[in-house]
Amino acid sequence: MQIASLQFKARAGAKLADVKLQAALRKLQGNFVKGRAERMLELDNFEEIRSAAAAIRDRTLANLDVYLETFERNATARGAVVHWAETTDDVNRIVCELAARYDVKKVIKSKSMVTEECSLNDALESAGVQVVETDLGEYILQLAKEPPSHIIAPVIHKGREEIADLFAEKHHLPRNSDPAALTREAREQLRGHFLTAGMGISGANFVVAETGSTVIVTNEGNGRMTTTLPRVHVAITGIEKVVATREDLTTLLRLLPRSATGQSITNYISITSGTAEAGESGPQHFHVILLDGGRSKLLGTDMQEMLRCIRCGACMNHCPVYQSVGGHAYGWVYPGPMGSILTSTLGSLEQALDLPQAATLCNQCGVVCPVKIPLADLMRKLRERQFARGLRPWPEHAGLWLWGRVARYPSLYALLSSVGVRVLAWLGGSQRLIHYLPFAGGWTKGRDLPAPQGKTFRELYAQRKR
Amino acid sequence: MCAATAGIEIIAPAALWQNERAQCGWEHYEERGYNISNGRDEHSNTRGPALMRVGLFVTCLVDLMRPSIAMAALRLLEGAGCTVEVPRAQTCCGQPGYNSGDRDSALVLARKVLGEFEDYDYVVAPSGSCAGMIKAHYPDLFAGDIDAPRAAALCAKTFELCDFLANVLKIDAVPGRYDGTITYHDSCSGLRELGVKQQPRSLLAKVAGLKIEEMNEAEACCGFGGTFSVKFGDISTHITDRKCENLCATGAKAVVLGDLGCMLNIEGRLRRRGDDKTQVLHVAEVLAGPEEK
């Protein structure tokens, strides 16, 4: 997917004014925030599990090559074929080749953010293959021709009335806005596709080196049907998703659903190991495509901690900026704090200038992250890179330079500040509020600035001393 | 730790203790004995507060915008019997540069803070954000630097004001009086970098006449975020609106908080929204009460 993050500011402005979106984003406070907090209380040692999870991820990343090769060996032994894709284009090429090899005309997909990175659907359609998204949210978005705005709840930005309108238009059926009825309607539309598709494409929340298995964590039955009904199953995920053992997997699974959707466990956890044996039903061909897509270049750098990410979405659910503007404002596949970092690193710093800056550094993301990624610190490091490479606008550089100089010399600081606070106090007038300030229009557009009290502390303190 | 401190035990003159007792109206002074045995301040383990030399880090924002907050902090610390000094050359902790990616200039200012404050027994700031900068971020800023050990020592004795009053001095009376209900906003740095949550509430509970009504999402960011509030003014304001709605819903007369950045942001938005009634007060001002003229 093309990165369009440079328009963050403009898009964010439109999102703030979008009444429907704002109503939809309020839903985040339910299961995603309150539900998560409640489910975490079930664990009497959340912090310990979290530390263990972070350690599991670090250990795996420190020996990523070993675990990936172990995975390949064990998966191959069970009849899977493992493909290594350096770029997203490689993923698309491999999938299109597989579709051609197995003479596939229709693909059903369960939810996969990695295939969003690749724009796989476009590639398949260009190759003449029909693609049907079967996750309810993704199905809605495919009808609406929109990208997901959240990694767990892709259609969080739409209200049920909007979805009802969309279904009525696309399905040519009487309009109904009852969620259960809408779900049934989608299910009826999808049923035939499940039974006629030649290939099922899934993501993988994890791949287990020890057993050569892929794992998906889902709430809708579509994932299991996608991975078992068609004769070909292709699982696509990033290279960082490998875990060493089933034991490690269980630790991560204690945190993933709780962090993601506020559930103790999801409806389905599907572990796929190899192809169907003779006499069993299930896919005869199982391919696993592991995408690098820029991930390996984070190894050994100060951004490596980002590769711990298990894609739960808790950081965005708890982010005041995401809660305000939603996922589409961010301009690429991954939104919110994790997305700001991934867009800047898997993409480039230049393509995402606003994203690491568009954060209050409140670190709510960091404290909810189940694998302890120091998201605020990583955003700060990206700001350092931007600054070092001269990518910030000149007034910002000038302002920081000036403050750095003035604050270094106490007498200069004392002189300028005593003048400054008097001017500002005068500007505040009798109400003691400043309504407009040049150079701080971003502040005064929506807020007054309470005026200073008129003297600096150092002046008052000197008076008191006398 | 206790064995190590035995050698530097200092007994405060009885008269001084009595005098402070009278001034502060503290009931259980001797019983408490100011035993601070959490290991981080062994050098003052058996000292009375009069013998604690506290360096007050005013913070630049307080110095410029609301000096009354630092005055209140001064009254609280001196009222608790501390010897408080205010290094005259102090300016800024370096946070604006640090958070904007200008690490070099942040380090210059951090080194300045280090030189000015490292000789005190404690460094106290009426701000979770600036205390958090020192305590949570100086170790990173000084990483690999020759001054890293000195910076680590400074971190260990730096405290946010409420944390210091509640956990180090363990004061059990405050001079302030407030007639009415307040709600408390947890500022991000204080809460998530320093664990400041119960300290201000337990102190405010000692203020005569004051009642606390908790707001929804008290721990959520107010939308300030330093330069974020100017760079992304619209998003910032939107976040602040939510904070305003939550705090107004409590019906409290005032929102009390521990960081001036958040104060300016919340007050600025409340006034722009046409609310000229809800007070926005720093916890130090509420605890200390008005200055005696």
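A note on names: the letters A, B, ... follow the listed sequences, proteins ahead of strands, and every chain is numbered from 1.
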State the CG-SG distance between B:Leu191 and A:Cys362, to the nearest 0.5 angstrom.
10.0 Å
Which heavy-atom pair separates B:Cys221 from A:Thr360 by the least distance, and what is that distance?
SG-OG1, 3.2 Å
Using heavy-atom distances under 4.5 Å, tell me whether B:Val86 contacts chain A through its side chain, its backbone, both, or neither.
both
Give the member of A:Ala359, A:Ala440, A:Ser417 that has the highest number of heavy-atom pairs under 4.5 Å with chain B.
A:Ala359
As an exercise: rank B:Gln90, B:Met263, B:His238 by heavy-atom pairs under 4.5 Å with chain A and give me the winner.
B:His238
Just give me the residue among B:Asn99, B:Val230, B:Ile69 that pairs up with chain A most often, heavy atom to heavy atom, under 4.5 Å.
B:Asn99
Can any side-chain N or O of B:Arg269 pair as donor or acceptor with the backbone N or O of A:Gly446 at less than 3.5 Å?
yes
Answer with side chain, backbone, both or neither: which region of A:Gln364 has an atom nearer than 4.5 Å to a non-hydrogen atom of chain B?
both
Under 3.5 Å donor-acceptor, B:Glu267 side chain and A:Pro450 backbone:
no
Which residues, numbered in order, of residues 395-402 of chain A come under 4.5 angstrom of chain B by heavy-atom distance?
A:Glu396, A:Leu400
Donor + acceptor pair across side chains of B:Ser100, A:Arg392 (<3.5 Å):
no
Assess whether atom NZ of A:Lys445 is packed by more than 12 heavy atoms of other residues, nucleotides or ligands within 6.0 Å.
no
Spatial distance of atom CZ (B:Arg272) from atom OG1 (A:Thr444) [nearest 0.5 Å]:
6.5 Å
Of the listed B:Ser187, B:Ala89, B:Ser105, the one with the largest count of heavy-atom pairs under 4.5 Å with chain A is B:Ala89
Taking side chain as everything from C-beta outward and backbone as N, CA, C, O, which of these in A:Asp377 sits under 4.5 Å from a heavy atom of chain B? Side chain, backbone, both or neither.
side chain
Of the listed B:Val58, B:Leu264, B:Leu270, the one with the largest count of heavy-atom pairs under 4.5 Å with chain A is B:Leu264
Determine the option with the most heavy-atom pairs under 4.5 angstrom with chain A, choosing from B:Glu219, B:Lys231, B:Glu217.
B:Lys231
Would you name the heavy atoms of A:Glu384 and B:Tyr98 that are closest together and state the gap between them?
OE2-CE1, 4.4 Å
Mark yes or no for whether A:Asn363, through its side chain, and B:Cys188, through its backbone, hold a donor-acceptor pair below 3.5 Å.
no
Counting only non-hydrogen atoms closer than 4.5 Å, does A:Val321 touch chain B with its backbone (N, CA, C, O), its side chain (CB onward), both, or neither?
both
A:Leu449 backbone acceptor or donor facing B:Arg271 side chain under 3.5 Å:
no
Do any N or O atoms from the side chain of B:Lys112 and from the backbone of A:Tyr409 form a donor-acceptor pair under 3.5 angstrom?
no
Examine whether an atom of A:Gln431 lies under 4.5 Å from a heavy atom of chain B, and if so say whether it belongs to the side chain, the backbone or both; otherwise answer neither.
neither
Is A:Leu460 close to chain B through its backbone or its side chain, or both, or neither, when contacts mean heavy atoms under 4.5 Å?
both
If you count heavy atoms of other groups shown closer than 6.0 angstrom to CZ of B:Arg88, is the number above 12?
no
Where does A:Ala414 contact chain B at under 4.5 Å (heavy atoms): side chain, backbone, both or neither?
neither
So which part of A:Lys9 gets closer than 4.5 Å to some heavy atom of chain B, the side chain, the backbone, both or neither?
side chain
Checking A:Phe439 against chain B: side chain, backbone, both or neither under 4.5 Å from a heavy atom?
backbone
To the closest 0.5 Å, what do you measure between CZ (A:Phe457) and CZ (B:Arg66)?
15.5 Å
Most chain B-contacting option - heavy-atom pairs closer than 4.5 Å, from A:Leu382, A:Asp354, A:Val325:
A:Asp354
If I measure from the heavy atoms of chain B, does A:Arg26 come under 4.5 Å with its side chain, its backbone, both, or neither?
side chain
B:Phe228 and A:Ala358: which non-hydrogen atoms are nearest, and at how many Å?
CE1-C, 3.8 Å
Heavy-atom cut-off 4.5 Å, strictly under: side chain, backbone, both or neither for A:Lys455 against chain B?
backbone
Non-hydrogen atoms of chain A under 4.5 Å away: do they reach the side chain of B:Cys60, the backbone, both or neither?
both
Between A:Ala407 and chain B, which part of the residue has a heavy atom less than 4.5 Å away: side chain, backbone, both or neither?
both
State whether the side chain of A:Arg447 and the backbone N or O of B:Ser229 hold a donor-acceptor pair below 3.5 Å, judged by distance alone.
yes
Can you tell if the side chain of A:Tyr413 reaches within under 4.5 Å of the side chain of B:Leu64, non-hydrogen atoms only?
yes
B:Ile235 and A:Ala12 have their tightest heavy-atom pair at CD1-CB, 3.9 Å
Least distance between heavy atoms, A:Thr456 atom then B:Pro67 atom
C-CB, 4.0 Å
Please answer whether the main-chain N or O of B:Asp63 pairs with a side-chain N or O of A:Arg458 as donor and acceptor at a distance below 3.5 Å.
no
Go through B:Pro96, B:Ser189, B:Gly226, B:Cys222 and name the one with the most non-hydrogen pairs under 4.5 angstrom from chain A.
B:Pro96
Which bit of B:Asn265 comes within less than 4.5 Å of chain A, counting heavy atoms only: side chain, backbone, both or neither?
both
